[in-house]
Participant: 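For reference, the structure I am asking about is given below.
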Amino acid sequence: NLGRNAINPFENLYHVLFFGVIILTLLRRYRTALLLGLLLAICHPFSSIELILVMLSWSCLERYFWKNRELPAQFAGGWLVLLLLYAGYYGLFLNSFASHKLIQRQAAEPWLLDAASFIPAYILAGGLALWAMRDWTRLQAILAERRNRLFLVWFLAAFALANHEFAIKPYQPIHFTRGYIWTPLFLLGAPVLLELFEKLTGSAKRLVRYGGVAIVCAVMFCDNAAWFSALAYERHTMSREYHLLGFQSDVMTWLNNNSEAYPRALVVSEESFIGHYLATYAPFRAWASHLHLTPEYAVKCDEI
């Protein structure tokens, strides 16, 4: 869910822009929301197409199905323009470069969101959301609120993208999760959680007040707790995704200290993470960098 991504600063930019658009839309600051949507489209192909499809679907339904005339028609039109710009840039312009075509083929991995993963991951937030709309009256009350309609469309669009292998050839479907399925479910079910906390804290029994709240919090955080425990247990391998090891940092330090002596140098390393993070930590080019962003990565690794 979203909490896991807080430890990965490279992805935090995407989340700030994505959730910024959601918040600005709820505040009716539509032009600024579109501007952030454009910035996200420039930054990241997965998060941006997900946001564009969520906002385009919701704005069209909000304006023309739910007949909300407070929402400007230009807002839906703006997301349609962003979709066309996205298709033109990522589908036509970048594909005019042979290196990008190679990268795109390498990145076409069928990383699927299997049921054994998403059912445990979403059962708590999803259960709260389902309980919040457990009968027709409650469902009508939820759909009567503009923000809830956005959350519902957001969940449906994100879940469809994360399982798009049922419609088209899969292209890293799991990249469309990133907390974007969990969050709208949680927001839809948040009133149920608040009611539960109010009942527990309003109890005359101290054990119920403190023990009940502690149990609910422990249950709601069990997913993150399990993941961070696994991360600590497998720190010798999993932590490499987020931190340079000691000898890798030493190499980066040496390269920086000697950058003037070797201007425009090309670094060739058998250690994959040296090439992966080289552009971040030192002013050099790498022979083989990111696994999915280096043309003919496997060939270059064999040549090393």
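Numbering of residues begins at 1 and proceeds along the displayed sequence. The analysis underlying the following values was restricted to heavy atoms, covering all of them including side chains, and did not include hydrogens, waters or symmetry mates.
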Participant: Centre-to-centre under 6.0 Å for His276 and Phe273, is that the case here?
Facilitator: yes
Participant: Could you check whether any side-chain N or O of Thr177 sits under 3.5 Å from a backbone N or O of Gly179, counting only pairs where one atom can act as donor and the other as acceptor?
Facilitator: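 No, Thr177 side chain to Gly179 backbone: no donor-acceptor pair under 3.5 Å.
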Participant: With no hydrogens and no angle check, do the side chains of Asn256 and Ser259 hold a donor and an acceptor under 3.5 Å apart?
Facilitator: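 No - no donor-acceptor pair under 3.5 Å links their side chains.
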Participant: Return yes if some donor-acceptor pair links the side-chain N/O of Ser229 with the main-chain N/O of Ala225 below 3.5 Å, else return no.
Facilitator: yes
Participant: Report yes or no: does Arg63 contribute a side-chain atom to a donor-acceptor pair with the main-chain N or O of Leu71 at less than 3.5 Å?
Facilitator: yes
Participant: Within this structure, what is the CD1-OG distance for the pair Ile174 and Ser117, rounded to the nearest 0.5 Å?
Facilitator: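 With rounding to 0.5 Å, CD1 (Ile174) is 6.5 Å from OG (Ser117).
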Participant: Applying ring pair (Phe, Tyr, Trp, His ring centres under 6.0 Å) to Trp154 and Phe18, what does each step give before you reach the verdict?
Facilitator: CA-CA 12 Å; Trp154 176 5; Phe18 192 107; 5.8 Å; yes
Participant: Check whether Ser47 reaches the backbone of His44 with its side chain - one donor and one acceptor, N or O, closer than 3.5 Å.
Facilitator: no
Participant: Please list, one pair per line, the donor and acceptor atoms closer than 3.5 Å that link side chains of residues 185-201 to other protein atoms, with sequence neighbours excluded.
Facilitator:
residue: Thr201; atom: OG1; partner: Phe197; partner atom: O; Å: 2.7
residue: Thr201; atom: OG1; partner: Glu198; partner atom: O; Å: 3.3

Participant: Going by the angle between their ring planes, with limits at 30° and 60°, are Phe176 and His164 parallel, tilted or perpendicular?
Facilitator: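 Perpendicular: the ring planes of Phe176 and His164 meet at over 60°.
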Participant: From Tyr14 OH over to Glu50 CD, what is the distance, rounded to the nearest 0.5 angstrom?
Facilitator: 13.5 Å
Participant: Among all residues two or more places apart in sequence or in another chain, which pass the salt bridge (charged side-chain N to carboxylate O under 4.0 Å, His left out) test with Arg28?
Facilitator: Glu70
Participant: Does Leu207 have any side chain to side chain contact (heavy atoms under 4.5 Å, CB included) partners at least two apart in sequence or in another chain, and if so, which?
Facilitator: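 Residues passing side chain to side chain contact (heavy atoms under 4.5 Å, CB included) with Leu207: none at all.
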Participant: Please collect all salt bridge (charged side-chain N to carboxylate O under 4.0 Å, His left out) contacts where either partner lies in residues 144-173, sequence neighbours excluded, each pair once.
Facilitator: Glu62-Arg149, Glu145-Arg147
Participant: What is the ring orientation for Phe46 with His175, classed by angle as parallel under 30°, tilted 30 to 60°, or perpendicular over 60°?
Facilitator: parallel
Participant: I'd like to check the ring pair (Phe, Tyr, Trp, His ring centres under 6.0 Å) partners of Trp254; sequence neighbours left out, ordered by chain and number.
Facilitator: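 Ring pair (Phe, Tyr, Trp, His ring centres under 6.0 Å) list for Trp254, sorted by chain: empty.
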Participant: Residues two or more places apart in sequence or in another chain: which of them pass salt bridge (charged side-chain N to carboxylate O under 4.0 Å, His left out) with Asp135?
Facilitator: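 Expected list: Arg138.
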Participant: Mind running side-chain contact (heavy atoms from CB on, under 4.5 Å) on Leu80 and Ile52 for me, showing each step along the way?
Facilitator: CA-CA 8 Å; Leu80 179 59; Ile52 290 170; over 6 Å; no
Participant: Centres of the His292 and Trp111 rings: under 6.0 Å?
Facilitator: yes
Participant: Extract all donor-acceptor atom pairs below 3.5 Å that involve side chains of residues 293-304 and protein atoms in other chains or at least two apart in sequence.
Facilitator:
residue: Thr294; atom: OG1; partner: Ser289; partner atom: N; Å: 3.0
residue: Thr294; atom: OG1; partner: His290; partner atom: N; Å: 3.4
residue: Thr294; atom: OG1; partner: His290; partner atom: O; Å: 2.9

Participant: Show me the pairs that pass side chain to side chain donor-acceptor pair (under 3.5 Å) and involve residues 71-87, at least two apart or across chains.
Facilitator: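 Output for this query is empty, none listed.
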Participant: Quick one: pull up CD in Gln248 and CD1 in Ile274 and give me the separation to the nearest 0.5 Å.
Facilitator: 5.0 Å
Participant: Could you pull out all residues at least two apart from Trp58 that satisfy ring pair (Phe, Tyr, Trp, His ring centres under 6.0 Å)?
Facilitator: none
Participant: I need the minimum non-hydrogen distance between Met55 and Val21, along with the two atoms involved.
Facilitator: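 Closest approach of Met55 to Val21, heavy atoms only: CG-CG1, 4.1 Å.
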Participant: Do other residues, nucleotides or ligands put more than 12 heavy atoms under 6.0 Å from Leu84 CG?
Facilitator: yes
Participant: Do side-chain atoms of Tyr180 reach the backbone of Leu51 as a donor and acceptor pair under 3.5 angstrom?
Facilitator: no
Participant: Applying side chain to side chain contact (heavy atoms under 4.5 Å, CB included), name anything that partners Arg206, two or more places apart in sequence or on another chain.
Facilitator: Arg209, Tyr210
Participant: With side chains defined as the heavy atoms from C-beta onward, is the minimum distance between Leu124 and Cys222 less than 4.5 Å?
Facilitator: yes
Participant: Looking only at heavy atoms, which two atoms of Pro173 and Leu112 are closest? And how far apart?
Facilitator: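 Nearest pair, atom of Pro173 first, then Leu112: CG-CD2, 3.8 Å.
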Participant: Any side-chain heavy atom of Phe151 sitting closer than 4.5 Å to one from Leu26?
Facilitator: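 They are in contact (side-chain heavy atoms under 4.5 Å apart), so the answer is yes.
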Participant: Between Gln172 (side chain) and Ala107 (backbone), is there a donor-acceptor pair under 3.5 Å?
Facilitator: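 Judged by distance alone, yes, a pair lies under 3.5 Å.
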Participant: Within the side chain of Asn258, is there an N or O that forms a donor-acceptor pair under 3.5 Å with the backbone of Ala261?
Facilitator: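 Between the backbone of Ala261 and the side chain of Asn258 there is no qualifying donor-acceptor contact (under 3.5 Å).
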Participant: What residues, two or more places apart in sequence or in another chain, satisfy salt bridge (charged side-chain N to carboxylate O under 4.0 Å, His left out) together with Arg31?
Facilitator: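 Partners of Arg31 by the salt bridge (charged side-chain N to carboxylate O under 4.0 Å, His left out) criterion come out as none, since no residue qualifies.
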Participant: Listed by chain and number, what are the ring pair (Phe, Tyr, Trp, His ring centres under 6.0 Å) partners of Tyr89, not counting sequence neighbours?
Facilitator: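 Per chain and number, Tyr89 pairs via ring pair (Phe, Tyr, Trp, His ring centres under 6.0 Å) with Phe93.
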Participant: Taking Gln140 for the side chain and Thr137 for the main chain, is one N or O donor matched with an acceptor at less than 3.5 Å?
Facilitator: no
